[in-house]
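Following: one structure in structure tokens, then a few remarks.
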Amino acid sequence: MPPGFGRYDATTTMILRPPMAPKKPRYWLVKSEPDVFGFADLAAAPGATTRWDGVRNHQAKLFLRDGMQAGDGVLYYHSNADPSGVAGVAEVVGDAYADPTQFDPASPYFDPKAKPAAPTWFARDLRAVAALSRFVPLAQLKAAGKLASMAVVQRGSRLSVTPVTPLEWREVRRLGGL
DNA sequence: GCCAACGTTGGC
DNA sequence: GCCAACGTTGGC
């Protein structure tokens, strides 16, 4: 090992890993009932973008607020549908912000305990990227060995926002013809 | 529409 | 802090 190696190494590390290095994309699955707001509704929205609000589960909130990053990939899943399954791909737009519905007494998502100075619930904006060429029904997700660990195929799974691994992301897209 | 699986609420 | 009751989710 040459003299001065440590200093050289420190310098290269600075160059190869600058403080502003882009973050690795993460992947998620969100559930929505197509009778309420399906992937087609998202694609037809202004800018193909909508506010993802009304999440009232703390675990899902943490994924939404702290896990998601702008640009992350999102699998758009239709729940309570015939059949249920993944309909399209979306992306995370911008940063998390306080969910305004928690402060709105007229909203079904109103939370009387929530304080504007310290919001309880958070929202994100999601933008439709592409419908799957082939809808991927839940039965197909369950039959795919690579997807056995996905939250959505687990019995009794109710979380409306769940993480997806890069491998799962690629496999669902492949099954969907993207 | 049924009902299993969860999460939350509230009495104690 | 326990836990029964209740409400909701979501597959089927």
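First the proteins, then the strands, lettered A, B, ... as listed; each starts at 1. Only heavy atoms go into these numbers, but all of them, side chains included; no hydrogens, no water, no symmetry mates.
When the C1' atom of C/dG11 is taken as reference, atom NE2 of A/H78 falls 16 Å away, rounded to whole Å. One can place CG of A/D35 at 14 Å from P of B/dG1, the figure rounded to the nearest angstrom. Rounding to whole angstrom units, CH2 of residue A/W121 and C1' of B/dG7 are separated by 11 Å. Between A/D82 atom CG and C/dT9 atom C1' there is a gap of 17 Å when expressed in whole angstrom units. Atom CE in A/M150 sits about 13 Å away from atom P in C/dG11, given to the nearest Å. Distance CG (A/L62) to C1' (B/dG7): 15 Å, rounded to an integer number of Å. In this entry the distance linking CG of A/L141 with P of C/dG10 reads 15 Å, nearest Å. Here B/dG7 presents its P atom at 18 Å from CZ of A/R56, a figure rounded to the nearest Å.
The shortest distance between the side-chain N/O atoms of A/Y77 and the OP1/OP2 oxygens of C/dG11 is below 4.0 Å. Between A/S84 and C/dG11, a side-chain N or O to OP1/OP2 separation shorter than 4.0 Å is present. Residue A/K31 has no polar side-chain atom (N or O) positioned under 4.0 Å from OP1 or OP2 of C/dT9. Applying the 4.0 Å criterion to OP1 and OP2 of B/dT8, one finds that A/K113 has every side-chain N and O outside that range.
Using a 4.0 Å heavy-atom distance criterion, A/S160 is classed as making no nucleic acid contact.
Between the side chains of A/R56 and A/T101, at least one donor-acceptor pair of N or O atoms lies under 3.5 Å.
Aromatic ring pairs are classed by plane angle as parallel below 30°, tilted from 30° to 60° and perpendicular above 60°; the pair A/W52 and A/Y76 is perpendicular. A/W169 and A/Y27 have parallel rings, their planes meeting at less than 30° on a 0 to 90° scale where 60° marks the start of perpendicular.
Each of A/N80 and A/G156 has a nearest nucleotide on DNA chain B; the 5'-most of these lies closest to A/N80.
Under a 3.5 Å cut-off, the side chain of A/S32 and the backbone N or O of A/P34 do not form any donor-acceptor pair.
Nearest nucleotide to the side chain of A/S79, out of B/dT8, C/dG10, C/dC12: C/dG10.
We find that A/R124 and A/D72 are not joined by a salt bridge, their nearest charged nitrogen and carboxylate oxygen being 4.0 Å or further apart.
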